[in-house]
Amino acid sequence: MTLAHYLVLAAMLFTIGAVGVLVRRNAIVVFMCVELMLNSVNLTLVTFARATGTVDGQIMAFFVMVVAAAEVVVGLAIIMSIYRTRRSASVDDANLLKY
Amino acid sequence: MDTVPADGLLSASWLLIALPLAGAAVLLLGGRRTDRWGHLLGTATVAIAFVIALACAFSLDDRQVAVHLFTFIDTGSLEVDAGLLFDPLSAVFALLITGVGALIHVYSIGYMAHDPRRRRFFAYLNLFVAAMLLLVLGDNYVALYVGWEGVGLASYLLIAFWHERPAAATAAKKAFIMNRVGDVGLALAIFVMFAQLGTVTYEGVFGSVGLLAGGTVTAIGLLLLLGACGKSGQFPLQAWLPDAMEGPTPVSALIHAATMVTAGVYLIARSAPIYDLTETARTVVLVVGAVTLMIGAIAGCAYDDIKKVLAYSTVSQIGYMFLAVGLGPVGYAAAIAHLLTHGFFKAGLFLGAGSVMHAMDDQVDMRRFGGLARKLPITFVTFGLGYLALIGFPFLSGYWTKDAIIEAALDRGGVSGWVLGGVAVLGAGLTAFYMTRLMLMTFFGRARWAPSAPGRPAPHPHESPSVMTVPMVVLSVGSVAAGFLLVQVFPLDEWLAPVFGEPHEAEHVIAPAVVATVVTAVMVLGVLAAWLFVGRREVPVVAPERVSVVTRAARKALYADAINESLFMRPGQWLTRALVWVDNRGVDGAVNGLAAGLGGSSSRLGRAQTGFVRTYAMGMLGGAVLVAGALLAVTAG
Amino acid sequence: MTALAAAADTGVSLGTGEAVVFWILGPLALAGALGMVFSRNAVHSALWLVTTMLSLGVFYVVQEAPFLGAVQIIVYTGAIMILFLFVLMMVGRDSSDSVVETLRGQRIAAIVFGVGFAGLVGAGIARATQDLSAEGLDAVQGGETSNIEAIAELLFTRYLLAFEVTSALLITAALGAMVLAHIEREPGTRLTQKELSRARFLTTDRPQTLPGPGVFARANSVATPALLPDGTLAEDSFATGIEPAEVDQMPHPTGRPQLGGPDDALGTRDGASGGNRS
């Protein structure tokens with residue numbers, strides 16, 4: 001049991017989140033996957049804070065949380081307004097910007 | 001050989017060029033308003049120019065006069081002044097051009113009377129006279145080149161004057177293109193001069209040409225000769241001249257007999273200081289002259305077109321002149337003398353031929369003539385005098401000047417002298433043969449007149465109006481007297497001494513009297529042969545098909561056109577086709593292929609922009625994988 | 001104290017307790033993540049994600065970051081996930097994904113890239129941090145200084161500017177959410193009550209409001225439909241998606257019929273026309 005375990009766990013969580021972003025079509029679920037990725041990053045930050053013996057990593061994680069909160073608020077508002085106009089929460093339905 | 005600045009009347013010699021040029025400008029820019037009096041203006045400018053030239057020549061007395069006009073080109077080290085050089089050589093040319101030119105202008109008033117575009121014809125004629133005068137009066141090679149191209153342009157315009165006739169248009173193109181070959185040579189010669197000597201004026205070039213290496217001088221000489229061959233219809237560029245007869249007959253007389261085609265002789269004579277230094281180039285000139293002389297004479301024997309016979313005669317006579325200038329100092333004066341007398345009698349002959357055609361409803365086939373001596377008495381007499389002058393009948397023009405050339409050729413001594421002299425004598429015999437044939441077929445025998453084209457009335461020959469006959473009479477007087485005057489009374493070689501040096505009495509290999517006798521005898525033989533073959537029996541209306549190989553070859557002008565075609569035209573066409581193919585498939589293909597490839601790949605790349613966020617996210621993840629892999633590879637490796 | 005000495009040499013040794021926690025919660029977090037990705041229902045996804053986040057919160061606490069652990073649980077699992085669910089409900093919780101993938105090769109590529117990424121990053125991390133010694137945070141937050149104090153000290157000194165900027169970010173986000181979610185209406189386009197009722201009468205065959213659940217029944221849950229005056233179920237009051245429950249009726253009135261009472265007026269007494277019967 002070493003700190004590397006945490007890091008590998010974080011990497012796996014991150015990957016699952018990334019794959020989820022790619023395969024899920026519900027915009028809200030996609031958002032959740034993004035949150036999962038952010039959380040996995042937070043885990044690495046906290047782990048490295050412990051490894052280096054400073055709390056800077058924790059502060060970084062704290063900022064990530066704040067930014068994630070702001071991002072969720074705006075993102076969900078965007079999803080709402082898209083849903084209001086397109087009657088759909090699928091990310092595939094918002095595909096007007098193309099060739 | 002010092003050049004002095006112009007003074008008095010000579011400083012106005014630029015008027016010689018300016019007057020015809022102004023005439024051409026007025027006639028071309030004035031449009032139809034000048035239709036009624038345009039021909040008179042055109043004739044007047046040339047006539048006044050003749051008077052000025054005459055006055056200038058009289059006030060010249062053994063000087064070489066430079067007239068500085070303005071700086072023409074001034075770029076870096078190349079400075080070309082537009083200046084004129086009025087010396088005995090350019091004086092005789094100016095007199096010939098304006099004199100014969102004025103007569104032919106007068107003749108054209110009658111000849112072109114019924115042509116709706118007569119005004120334009122006179123404009124082109126004036127343009128030609130101006131360009132020709134610039135050619136002979138310029139004091140540097142660039143001015144000569146400008147005039148050279150100017151006469152080429154005028155020649156093109158005049159040959160194609162009846163451009164609605166395909167033959168005329170083709171002939172004009174042929175003349176222009178073949179001239180271009182020669183012009184390239186002339187241009188290259190000027191380039192070499194400038195590159196090697198830094199100057200293009202006659203004075204500068206002749207002053208320092210002796211410093212050059214022999215090879216360079218020979219190269220300049222040969223390039224100049226190429227230019228001369230192109231303009232003068234000499235071997236191997238002789239094929240355009242007979243075709244140029246598609247132009248109106250006064251054009252044939254003025255440009256393609258008397259003046260423009262002798263520009264090559266002028267060029268070589270003017271460049272005498274260069275040729276004096278290079279035996280090789282002179283030898284080439286000799287060979288060209290001799291070969292052309294024979295080609296022209298042989299082809300002249302077989303043609304039935306009266307103008308083409310005269311054209312080949314011109315080719316042949318200019319061959320004599322080339323032969324003469326190729327002989328070096330002994331021949332220059334003889335060449336110029338023959339040029340002058342030839343200008344008279346050949347112009348007269350062409351005007352006579354024009355008069356005959358005028359009478360015969362533009363028929364040119366001699367087999368359709370015959371018995372015209374009674375119907376066209378003045379034409380017959382003047383033509384006959386020109387004929388006698390040309391064949392070298394004793395004491396007429398051709399006798400004096402052609403004999404001088406033959407003598408000079410024989411005086412060269414050795415094998416080459418005998419060969420050249422022999423060729424010249426043989427040429428004289430052939431000249432007598434084909435000219436007698438022409439005379440017999442045209443003026444004697446049974447009338448074989450026929451409509452010139454189906455559906456037109458049979459011609460009723462009538463003598464031309466006096467506006468046409470007077471110039472013919474004047475020229476025939478020149479044909480009779482010019483030789484005697486130029487050789488005996490008013491020796492041209494002394495007049496030209498400031499240019500070519502004092503004439504020195506050559507050591508005759510054969511006594512002149514013997515030569516004259518032999519030449520005359522050969523001439524008589526030629527006349528007799530012509531009478532035997534042509535005059536004695538009926539002339540067939542249609543050219544006989546079953547003829548010897550020699551005749552067939554002569555009818556094809558010794559296959560000059562066929563050779564040109566197979567050597568240059570067809571390979572040129574192949575090359576053109578290949579280049580077009582390369583251009584279409586290769587260059588265009590590359591460009592279009594590149595464009596199509598870019599367009600296709602961009603639209604295919606555009607397909608990557610699906611609009612699906614998840615696709616883009618996939619790209620990001622792929623990129624992240626690549627970066628992670630690269631990082632790992634770098635740190636691990 | 002032995003821990004401090006060990007930290008000076010080889011770093012903090014990770015205790016057995018932590019290992020136990022890790023091996024229990026680690027797989028749980030992974031399962032939560034996988035469950036989130038594979039659930040067809042978005043609400044289930046959210047619940048799976050909550051599992052993962054809670055596990056992570058515990059990890060934070062274990063890794064000497066109790067403040068972050070608390071924030072993780074309160075802010076993330078509490079606030080943000082509730083926000084998610086809130087939006088899910090507004091958007092429609094029944095909008096579950098179809099299993100058919102519309103983008104060709106998307107799933108295969110995602111899996112290939114995911115496996116590749118996980119392999120590469122995991123291998124890289126494993127290689128680089130194989131014997132990463134844990135320094136431990138005893139130096140900065142041991143003893144008298146708590147974790148919160150350590151964070152606050154840094155946050156309000158070195159990271160003060162970032163902290164202030166974050167506040168601006170939050171305000172901007174709040175404003176942005178309002179702008180995005182707000183529906184612009186022209187003044188005067190809002191219908192008055194009179195117009196609304198007129199429209200209701202004109203367009204529907206049911207001008208009055210729907211009956212609430214449980215009217216005249218003994219329970220008022222959404223599952224209990226309302227009763228019509230004759231005791232039958234009012235279908236208009238059926239809740240969507242819920243099987244109507246057994247209706248437990250109100251006890252019959254036991255008293256004598258009163259003159260002028262509502263039963264008299266409505267005739268709803270047991271036996272229909274009870275008032276006249278006795």
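Here is how names work: the chains are called A, B, and so on, in the same order as the sequence lines, proteins then strands, and each is numbered from 1.
Contacts between C:M178 and chain A at a heavy-atom distance below 4.5 Å are absent for every atom of the residue. For A:V67, the parts lying near chain C are the backbone and the side chain together; criterion is any non-hydrogen pair under 4.5 Å. Within the 4.5 angstrom heavy-atom criterion, no atom of A:A18 approaches chain C. Both the backbone and the side chain of C:F163 come within contact range of chain A, with heavy atoms under 4.5 Å apart. If you measure heavy-atom distances from A:T47 to chain C, the contacts under 4.5 Å come from both the backbone and the side chain. Both the backbone and the side chain of A:F62 come within less than 4.5 Å of a heavy atom in chain C. Both the backbone and the side chain of A:Y6 come within contact range of chain C, judged by heavy atoms closer than 4.5 Å. Only the side chain of A:L38 comes within less than 4.5 Å of a heavy atom in chain C; its backbone stays farther off. Heavy atoms closer than 4.5 Å to chain A are found nowhere in C:A123, neither backbone nor side chain. Only the side chain of A:F14 comes within contact range of chain C, with heavy atoms under 4.5 Å apart. The parts of A:L3 that come within reach of chain C are both its backbone and its side chain, each placing non-hydrogen atoms under 4.5 angstrom from that chain. Using a 4.5 Å cut-off between heavy atoms, A:M37 makes no contact with chain C at all. Of the two parts of C:L154, the backbone and the side chain both hold a non-hydrogen atom closer than 4.5 Å to a non-hydrogen atom of chain A. At a 4.5 Å heavy-atom cutoff, the contact between A:N39 and chain C is made by backbone and side-chain atoms alike. Both the backbone and the side chain of C:F84 have a heavy atom closer than 4.5 Å to some heavy atom of chain A.
Residue with the most contacts toward chain A among C:V121, C:L34, C:L68: C:L68 (heavy-atom pairs, distance under 4.5 Å). Considering only heavy-atom pairs separated by less than 4.5 Å from chain A, the leading option among C:A174, C:A79, C:A110, C:G124 is C:A110. With chain A as the partner, the residue from C:T16, C:V179, C:T52, C:I125 showing the most heavy-atom pairs under 4.5 Å is C:I125. For the options A:V21, A:V8, A:L43, heavy-atom pairs under 4.5 Å to chain C are most numerous at A:L43. Interface summary for chain A: among C:S39, C:G176, C:G122, C:A109, the most heavy-atom pairs under 4.5 angstrom belong to C:S39. Note: C:A162 leads C:A29, C:A162, C:A128 in heavy-atom pairs under 4.5 Å with chain A. Note on A:V74, A:I59, A:L13, A:L22: by heavy-atom pairs under 4.5 Å with chain C, the leading option is A:I59. Options C:F117, C:Y60, C:F67 differ in how many heavy-atom pairs under 4.5 Å they form with chain A, and the most are formed by C:Y60. For the options A:V19, A:L9, A:D92, heavy-atom pairs under 4.5 Å to chain C are most numerous at A:L9.
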Take C:F59 and A:V46, measure what side chain to side chain contact (heavy atoms under 4.5 Å, CB included) needs, and give me the verdict at the end. CA-CA 9 Å; C:F59 281 145; A:V46 170; over 6 Å; no
Worked check of side chain to side chain contact (heavy atoms under 4.5 Å, CB included) between C:L160 and C:L155: CA-CA 6 Å; C:L160 182 63; C:L155 196 58; over 6 Å; no
Kindly determine whether A:Q58 and A:L45 satisfy side chain to side chain contact (heavy atoms under 4.5 Å, CB included), including the steps that lead there. CA-CA 6 Å; A:Q58 293 186 13; A:L45 287 171; over 6 Å; no
Would C:M81 and C:Y76 satisfy side chain to side chain contact (heavy atoms under 4.5 Å, CB included), going step by step from the backbone distance to the final call? CA-CA 6 Å; C:M81 289 319 295; C:Y76 254 118; 5.6 Å; no
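A:V30 places none of its side-chain heavy atoms less than 4.5 Å from the side chain of A:N26. By the 4.5 Å heavy-atom criterion applied to side chains, A:L76 and A:M80 are not counted as neighbours. A:H5 places a side-chain heavy atom less than 4.5 Å from the side chain of A:T2. Side-chain contact between A:E35 and A:E71 is present, with heavy atoms from C-beta onward closer than 4.5 Å.
Looking at A:R84, its side chain does come within 3.5 Å of a backbone N or O of C:A181 through a donor-acceptor pair. A donor-acceptor pair under 3.5 Å links the side-chain atoms of A:R24 to the main chain of C:V37, judged by distance alone. Looking at C:T77, its side chain does come within 3.5 Å of a backbone N or O of C:Q72 through a donor-acceptor pair. At distances below 3.5 Å, at least one donor-acceptor pair connects side-chain atoms of C:E149 with backbone N or O atoms of C:S146.
Annotation: C:I171, atom CD1; neighbour count of heavy atoms from other residues, nucleotides and ligands within 6.0 Å does not exceed 12. Surrounding CG of C:L191 are more than 12 heavy atoms belonging to other residues, nucleotides or ligands, all under 6.0 Å away.
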